[in-house]
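Just below is one structure, and these are the notes that go with it.
Order of the sequence lines sets the chain letters (A, B, ...), proteins ahead of strands, with each chain counted from 1.
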Amino acid sequence: MKSDLIHDLVVAALSSALSRAKDSGELDLSTLPALTVDLPKREEWGDLSSNVAMLVAPKVRRPPLEVATVLASILKDEGQDLFDRVDVAPPGFLNFTIHPSRWGDTLKIIEALGSAFGSSQIGKGQRVLVEYVSANPTGPLHVGHGRGAALGHAASNLLQATGYSVQREYYINDAGRQLKLLGASVLARYQEYHGLPFTFPDDGYHGTYIHAVAEAMAQELGATLLDVNPEEAEEQSSAFACMQLLERIRQDLRVFGVEFDEWYSETSLLGAGHLTKALEYLKEKDLVFQKDDAWWFRSSQFQDEKDRVVAKQDGTYTYLASDIAYHRDKLHRGFDSLINIWGADHHGYVPRMQAAVQAFGYRKEQFRVVLVQMVNLLRAGKKVEMSKRAGEFVTLREVVDEVGADAAKFFFLMRRSDSHLDFDLELAKRQSADNPVYYVQYAHARIASLFRVAESRGIQVPSLQDVDLSFVTTQDELRLIKQLSCYPGIIEASAASLEPHRVTFYLQELAAQLHTYYNKHRILPSHDPGVVGESQEDGGGGFSASLDDPSAQEHRETVTPELTAARLALMRQVQTVIRNGLAVLGVSAPEHM
RNA sequence: GCGCCCGUAGCUCAGUUGGAUAGAGCAUCGGCCUUCUAAGCCGAGGGUCGCAGGUUCGAUUCCUGCCGGGCGCGCCA
């Protein structure tokens, strides 16, 4: 059963009007279309609108306006308790004006649900595994990883809020060539540290952090690695470096406020024999075959453009092989669907992983990939140059230390993931309205502050049942309430499309409306009532200028205790929705700024 | 060469299964604090939705071609 939000009530009314029209023969419908209601672009067009008549028109072979008129007349009869007006507008829109008293219900729902407002059970408890970051433990996280982390975190929150059971997972590539290279690089620096001759590996890892790891290794292990044979030394070096760097990654993510349920190690995957099992299964199905002394996965059978090598001529496995095994394991663990957050430079791998999922007998749709585009770091409008090859990049940690975890997360989530992101460090630090993070957080803190002042004057924020809601039904209040009522729909759409930026945009809009309202209307009685209506001595330019400003005049409006109570209660609900939205993004909702 | 993503105001970007007169922030300009946080508000200007076709009652949205930018096309990860 759905909530009694206005949107749902209108959809229900529309749907019953459609079936009435069908039953009475007024509209010759076989199937009912999917119904949606939206906020119209202009307030003159009412509170909510529907384009259903235009969707239905071709099916019943009648002009949209006619269909709309039929529906409108039914709705006027049946929905008298809900609608003030039902209008028909060309080319066939139905525009609804809701009875003002009904909007109070929205506030009551928010108060009753609190932090659960916006949540739903659409996911029906289905199990989803979200894998994100999964950076190789061969260096610290950089800003690109940060974007993936923020996105994976927010997407997981969204899925959880819509009724999915979510597992957050980080896959550790702690086996294979890259790790060997890491070990060799660190070992070389370790030898250098001990004043010995060394050969730095081709394609080795540069960057100062390698020196730091080597030094730590020297301090912890002394010179012991100099005595063992080279292979053994490299192995130990790999293990040490991996552990160190992974610990740093964990720490950076903790400071960033991004958590995981499971850190899944490739070594453990291999140790459990999952790779051989996966390949055996595929061989049996004739989906893996031998050619040119290598083993190939027949991914082209599943819309990949060509087959892919899983075991090389030298007998070692490719990265793809263990990834296939990993995803098979995920599915075998009983997850209904898998979501991966990947850097956009990996987009070429999507078809082959989809192929793998299907090769194991699962549906293609059970595997979704969200691609995250590059982050351009700017400082006061100028691009910060980074060279990954030379090991010169700005780390996530540096950014978080500089601008804070909240600002960093919010900025990472301000754009659609598949568009490039310009991240201006100076802007993220700025404490003004230019900075969207502060703007939204300030709205929350401002309400909190208002409540503190109220309390200091002995005024409690009332529960809605003690409030006469007819006091909050003017245009300015309705505008706010309407925005609040959209929140569950935003969460739902945002979760379905895995696009947290919609929440970010929504919050900026809600905060703007709050600030506007706050500036225009008084909530508490004036501190000094004597000022109201009193004329000033210096009736010169300054004063008349403020009279010309409509907002300044409104500022002097007198408020009764009933009005104060109603507005405080409204503010409480606005605060709840801002807090809920920020929570989805993983951003804190401060009481003070 | 092939594939994927992007192209919307000076800049950065939203735009929900195709809908009404295309939006926001920044920047620019002009106003607003004696009262609840000015970390805020109000107002103004600013557009060939990359270009050309097509689909239809209707296209920023879908299709085709082209132009421009990014990325990918390893028995690397």
Closest of B/A39, B/U16, B/C75 to the A/D38 side chain is B/U16
Applying a 4.0 Å non-hydrogen cut-off, can you work out what A/Y439 is touching in the nucleic acid: base, sugar-phosphate, or nothing? sugar-phosphate
Quick one: ring pair (Phe, Tyr, Trp, His ring centres under 6.0 Å) partners of A/F302, sequence neighbours excluded? none
Nearest-nucleotide pick for A/T516, side chain only, options being B/C42, B/U12, B/C76: B/C42
Spacing of A/H515 atom NE2 relative to B/C41 atom C1', expressed in whole Å: 10 Å
Base versus backbone protein contacts along nucleotides 22-29 of chain B [heavy-atom cut-off under 4.0 Å; B, S, -]: ----SS--
Taking side-chain contact (heavy atoms from CB on, under 4.5 Å) as the definition, give me every residue that meets it alongside A/S15, ordered by chain and number, with sequence neighbours left out. A/L35
Separation of A/L378 atom CG from B/C13 atom C1', in whole Å? 14 Å
Is there a donor-acceptor contact under 3.5 Å linking the side chains of A/E266 and A/S322? yes
Rounded to the nearest Å, what distance is computed from the CG atom of residue A/D304 to the C1' atom of nucleotide B/C73? 11 Å
Of the options B/U16, B/C71, B/A20, whose atoms approach the side-chain atoms of A/R502 most closely? B/U16
Sequence neighbours left out, what passes ring pair (Phe, Tyr, Trp, His ring centres under 6.0 Å) with A/H327? Give chain and number order. A/F367
Distance in angstrom units between A/Y506 OH and B/G15 C1', rounded: 17 Å
Those residues at least two apart in sequence (or on a different chain) that pass side-chain contact (heavy atoms from CB on, under 4.5 Å) with A/E477 are A/V472, A/T474, A/Y517, A/R567, A/L570
Under 3.5 Å between N/O atoms: give me all the protein pairs with nucleotides 4-7 of chain B, atom names plus distance.
from	atom 1	to	atom 2	distance (Å)
B/C5	O2'	A/D418	O	3.1
B/C6	OP1	A/R416	NH2	3.0

Distance-only donor-acceptor test (3.5 Å): side chain A/T36, base B/U17: yes
Under 4.0 angstrom between A/R446 side-chain N/O and B/A38 OP1 or OP2: yes
The criterion is ring pair (Phe, Tyr, Trp, His ring centres under 6.0 Å); which residues satisfy it with A/F297, sequence neighbours excluded? none
In whole Å, what is the span from the CE atom of A/M593 to the P atom of B/C36? 19 Å
Specify the residues of residues 47-62 of chain A, ordered by number, for which at least one heavy atom lies under 4.0 angstrom from an atom of RNA chain B. A/S49, A/N51, A/M54
From the candidates B/C75, B/A20, B/G15, the one with an atom nearest any side-chain atom of A/V309 is B/C75
Residue A/A89, side-chain heavy atoms: nucleotide from B/A38, B/A20, B/C41 that is nearest: B/A20
I'd like to know if A/N95 reaches the base of B/A20 with its side chain, counting only an N/O donor and acceptor under 3.5 Å. yes
Stem ranges of RNA chain B by first residue number, counting only runs of at least 3 Watson-Crick or G-U pairs under 3.5 Å, come to B:1-7 with B:67-73, B:10-13 with B:23-26, B:28-32 with B:40-44, B:50-54 with B:62-66
Counting any heavy atom closer than 4.0 Å, what does A/Q178 reach on the DNA or RNA strands: base, sugar-phosphate only, or nothing? sugar-phosphate
Test of understanding: with side-chain contact (heavy atoms from CB on, under 4.5 Å), list the residues that count as partners of A/N95, not counting sequence neighbours. A/W45, A/S49, A/D87, A/A89, A/F93
Just one of A/Y326, A/Y319, A/Y132 clears the ring pair (Phe, Tyr, Trp, His ring centres under 6.0 Å) bar with A/Y171, so which one? A/Y326
Could you verify whether a donor N or O on one side chain and an acceptor N or O on the other, from A/Q441 and A/D406, lie under 3.5 Å apart? yes
For A/K291, enumerate each residue passing the side-chain contact (heavy atoms from CB on, under 4.5 Å) test, keeping only those at least two apart in sequence or located in another chain. A/F289, A/W296
Output for pair (A/R147 CZ, A/F411 CZ), nearest 0.5 Å, gives 13.0 Å
Students often get this wrong, so: under 4.0 angstrom with heavy atoms, is A/H346 touching a base, only sugar-phosphate, or nothing? base
Heavy atoms under 4.0 Å, any strand shown: does A/H501 hit a base, just sugar-phosphate, or nothing? sugar-phosphate
Determine the sole option in A/L71, A/L65, A/T69, A/V70 for which the side chain to side chain contact (heavy atoms under 4.5 Å, CB included) test with A/V67 is passed. A/L71
Not counting sequence neighbours, which residues clear ring pair (Phe, Tyr, Trp, His ring centres under 6.0 Å) with A/H347? List them please. none
